[in-house]
Amino acid sequence: MERPMDSWNDKRLDEMSRRMDEGFKKVDKRFENVATREQLTETRQQVTDLGNRLERFEGRIQERMDRLYWAFILLAIMLAGNLIANSA
């Protein structure tokens, strides 16, 4: 059975420090991936919200264009009726 290590030499400490640095780099990379996924999810939600707002805006514009269309038709009928009434 091996005896527990009572002291650490510089070489072993440097090796342990290097391994720990590599491990922390892996953890940092995983956190970056998680942050990137969260940003993508947030961006997708913003795009979806913007799409929904644009659809509602389009619907309101369409309603106004329909009203304007019918107003022009009514105006044309009134002008035609006025011309007929004045020419008689």
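Applying the salt bridge (charged side-chain N to carboxylate O under 4.0 Å, His left out) test to Glu22 and every residue at least two apart in sequence or in another chain returns Arg18.
Here the NZ atom belonging to Lys29 is positioned 10.0 Å from the OG1 atom belonging to Thr36, to the nearest 0.5 angstrom. Rounded to the nearest 0.5 angstrom, Leu74 CG and Leu79 CG are separated by 9.5 Å. Here the straight-line distance linking atom CE of Met16 with atom CG of Asp21 works out to 10.0 Å at 0.5 Å rounding. For the atom pair Glu58 CD and Glu63 CD, the distance stands at 11.5 Å (nearest 0.5 Å). Note that CD of Glu38 is 10.5 Å distant from CG of Leu40, once rounded to the nearest 0.5 Å. Taking CG of Leu68 as the start and CD1 of Ile73 as the end, the distance is 10.5 Å to the nearest 0.5 Å.
Residues Phe57 and Met65 share a hydrophobic cluster, clusters being chains of Ile/Leu/Val/Met/Phe/Trp/Tyr side chains in contact below 4.5 Å. In the hydrophobic clustering of this structure, Leu75 does not group with Ile84; members are Ile, Leu, Val, Met, Phe, Trp, Tyr whose side-chain heavy atoms approach within less than 4.5 Å, directly or through other members.
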